[in-house]
Engineer: 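I have a structure I would like to understand better, so I am pasting it below and will then ask my questions one at a time.
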Amino acid sequence: MPEDRSYKAEKVIERLGKKLNRQVVGSLAACVHCGMCTDSCHYVLANPGDPTFAPAWKADRLRKLFKRHYDWTGRVFPWWVGAKSVYTDKDLEELKDIVFGKCTNCRRCSINCPMGVDFATFNRMARGLLVSVGVMPEGVAVVSKDQWEIGNQMGVLREDYLDTIEWMEETIQDELDNPKAVIPIDKPNTDVVYTINPREVKYDPRTISDAAKIFHMAGENWTMPSEGWDMTNFGLFSGDDDLGGSVASRVYDKMHELKGKKIVISECGHGYRSTRCEGQNWAGMDVDFEMESSVITMRDYIKEGRIQVDKSKNTDKYTYHDSCNFARSCGLFEEPRELLNLVTDDFSEMYPNRSENYCCTGGGGAMSMSEYAPDRLKSAKIKADQLKATGANVVVTSCHNCVDGLADLIKHYKLDMKVTQLVNLVANALVIPEEAEVAVKEPDEVETLKGLFAGKKIMVVDDEPDLRVFYGSVLEDNGAEVIEAADGDEAIGLAMAELPDLITLDLSMPGKDGGKVFEALRKNDATASIPVCIITGRPELRSLIYDRPVPAPEGYLDKPVSEETLIRNVRKIFEVGRAMEKQPV
Amino acid sequence: MEKEKVINNVHVRVEVTDITDLEIEAFVYYARSDLKLDAGYGNAITTRGGMSIRKELEKIGNLAPNASLITDAGQLKAKYIIHANGPKFQEQDIPLKLKTTMLGILATAKKAGITRLAFPAMGCGYYGIPVPQSAQIMLEAIEEFTSETNELEEIVLCMLDLRQQGAFLPVFNDFKVGVLS
Ligand code: SF4
Ligand code: SF4
């Protein structure tokens, strides 16, 4: 090369040449700078006057590179057509901040361009070019490596996945008072193989038990796979087609091994798009089984009379958020609405909606890139206004990523709203026939549970006195010796002095928050092996806990915590607590 | 396709398995210069093996490019971990660097008297080195090193998934022992 260019920059340019296909070249060449896409982008709307958020401006950073190296006009007259190359590693870092930090690949601009320019497609390609030379946000690196090596985006180990499934199986058996309600693992020749998002295992296992309850009540012949269960695919976000192909092929290979008839994909926009629509191209594989969103499965169960629902059980005022990948990219607009109307009475649309809906602002992997969170939350103003205008108190979405994105912006903009998914509403509305009704515990049964935690010392850490009393009395009633700490420093001191058998730790405390306390406990030899059950109502749990350089907590509980869930979770940690036995002190 | 072969009396086999959960004497972790046990297998090592491994690495500090070192494997099924700082992404001179890294690992293993050793597909997956390229270099290094020493008895080449194995096996099958110049 005649120019003085860094090795990485040279590799990016070289690979750009290999990635150019008709669709990309068309999008690179077709823009006439009419500006019609500008106001379709939530970043632009939230940052009026800042041209660097405009889709066409962002696209031009890549277009100039293409023109400089792969278009004859730019090669011959670079000054004339505005062609510009990348030279240094710093140039690559700047490009990274644009393609990862200023776009969620939501494709709203793509559908608003009269020339058919699909900016999101070549933004994804640019991400892939940078990833191939190791230039990416830290969060993208972490999630990619987890999915490459552990097989899922959150690094959930096989034993933790299986433990959680077992725990959820016990949960539905308790709730239905039916030991036959099971979650089969690796059962061959089933009609349904249910694949999920690892977020469900780590933060939201209720969605697994809710789905299991629905399959059980429908009398479905179903299973969950022990491997290849993660239907999400970070390759879609990072632009790494090779990761995309590997992840998709793990799901398909497992399906072939199990000889299942149909993959049912739990509610996740990018997971659905990756597994159902893009995965076969990335993996270079043909599949001979059906793939379906759980939204369609649940809707059909109700329409076919396989499950009975009572919509009066869902008493809130609901609105629906279309996930970009689920709706705009895959066309699933009416199915979720049909299902929502089958299980609720009070649904009102959000405007604009369907293919014109705005991104939850956490799309494209944005929730994993903490360095861009201020811009993300600023752009979320558009979504917050949309939500507020509905007057609803619950927003329903068919995407786990959107659940996190929406929950974060709801908290940031202090909206009085909750986020939920269709699976939760369907499970809640289920009509359980008499014999399967949850049995009220007889007094002697309660007695036998009294000694459940006998001999165990449990430390309760919470800044709210009422909650300490509540958790403490529930645990004491079940035989535990309870000690209390009201803040982070007290918790660390008391843990070292008393060496409890388990700690329940509130994340939101003034002063030293629960995340810092957790890290300090794990890093201290004396307390490193004490199991910790995190208690939180905060969606940013992930950055506080899972991005820390210490092993993950043994359990977690979502606020508000009921007596029953507290007992169940503590019991799970004591009974299943693999980590407890293995971590050396 | 064959998944096993003997190279200079060493039994070499290819298997899809989680390397951090394997019953083996030592396995290789594709390390960073700062020796941080980051995501993926790094996290699995800490979660399953305990904090002692991380602490041992923190004391050591860092690792030169293409070098390797050995630590205890804590509560893992393996006894030792060999941390090897191999080439990453599309950096310059990958073949030479990967070969140097491989020979360094084998020397580290020999020094520690290890007879059963597991490798990942070196630098493949997250770090993006193409599987066939890595496979060829790995096998050449194994043959070269073991022609001079016969203490190793078993090598397991651990694949992430069937797809990676599918790209590795043709090279493994075509690899002819004894034709290195
Ligand atoms: S709408 Fe299309 S043609 Fe117009 S500026 Fe945007 S990308 Fe270019
Ligand atoms: S894809 Fe979405 S976030 Fe990206 S530029 Fe277009 S509208 Fe904006």
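First the proteins, then the strands, lettered A, B, ... as listed; each starts at 1.
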Engineer: Can you measure from CD (Glu149(A)) to CD1 (Ile19(B)) and round to the nearest 0.5 angstrom?
Structural biologist: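 Between Glu149(A) CD and Ile19(B) CD1, I get 9.5 Å after rounding to 0.5 Å.
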
Engineer: Looking at Asp525(A) and Lys55(B), does any basic side-chain N land under 4.0 Å from a carboxylate oxygen?
Structural biologist: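 Looking at Asp525(A) and Lys55(B), the cut-off is met.
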
Engineer: What residues of residues 91-106 of chain B sit under 4.5 Å from chain A when you count only heavy atoms?
Structural biologist: Glu91(B), Gln92(B)

Engineer: Does the side chain of Ser132(A) pick up a donor-acceptor pair with the side chain of Gln90(B) at under 3.5 Å?
Structural biologist: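 Side chains of Ser132(A) and Gln90(B): pair found under 3.5 Å.
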
Engineer: What distance do Tyr252(A) atom OH and Leu162(B) atom CG have between them, rounded to the nearest 0.5 Å?
Structural biologist: 15.0 Å

Engineer: Would you call Leu157(A) and Thr47(B) a side-chain contact if the rule is heavy atoms closer than 4.5 Å?
Structural biologist: yes

Engineer: Would you please test Asp18(B) and Arg158(A) for salt bridge (charged side-chain N to carboxylate O under 4.0 Å, His left out) and show each step?
Structural biologist: CA-CA 10 Å; Asp18(B) 180 338; Arg158(A) 185 186 155 92; over 6 Å; no

Engineer: Would you call Asp242(A)-Arg163(B) a salt bridge at under 4.0 Å N-O?
Structural biologist: yes

Engineer: Less than 4.5 Å to any heavy atom of chain B: does that hold for the side chain of Ser144(A), its backbone, both, or neither?
Structural biologist: both

Engineer: Answer yes or no: does atom NZ of Lys36(B) have more than 12 heavy-atom neighbours from other residues, nucleotides or ligands under 6.0 Å?
Structural biologist: no

Engineer: Any chance NZ of Lys3(B) has more than 12 other-residue heavy atoms, nucleotides or ligands included, within less than 6.0 Å?
Structural biologist: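 12 or below, so no.
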
Engineer: Would a distance-only check, ignoring hydrogens and angles, find a side-chain to backbone donor-acceptor pair under 3.5 Å from Asp146(A) to Gly40(B)?
Structural biologist: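 Yes; at least one donor-acceptor contact below 3.5 Å.
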
Engineer: If you count every heavy atom of other residues, nucleotides or ligands that lies below 6.0 Å from Lys110(B) atom NZ, does the total exceed 12?
Structural biologist: yes

Engineer: Based on non-hydrogen pairs under 4.5 Å, which of Met285(A), Arg15(A), Glu227(A) is most in contact with chain B?
Structural biologist: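 Highest number of heavy-atom pairs under 4.5 Å: Arg15(A).
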
Engineer: Determine whether Ser246(A) and Leu160(B) satisfy the following criterion, side chain to side chain contact (heavy atoms under 4.5 Å, CB included), listing intermediate values before the conclusion.
Structural biologist: CA-CA 9 Å; Ser246(A) 293; Leu160(B) 291 175; over 6 Å; no

Engineer: Is the CZ atom of Phe89(B) crowded by more than 12 outside heavy atoms at less than 6.0 Å?
Structural biologist: yes

Engineer: CD of Glu2(B): more than 12 outside heavy atoms within 6.0 angstrom?
Structural biologist: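 At most 12 heavy atoms, drawn from other residues, nucleotides or ligands, come within 6.0 Å of this atom.
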
Engineer: Are there residues of residues 127-137 of chain B that reach to under 4.5 Å of chain A by heavy atoms, and which ones?
Structural biologist: Tyr127(B)

Engineer: Which pair of non-hydrogen atoms, one from Ala141(A) and one from Tyr126(B), has the smallest distance, and what is that distance?
Structural biologist: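 Here Ala141(A) and Tyr126(B) meet closest at CB-OH, 3.1 Å.
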
Engineer: Please round to the nearest 0.5 Å and tell me the distance separating atom OG1 of Thr46(B) and atom CZ of Arg522(A).
Structural biologist: 11.5 Å

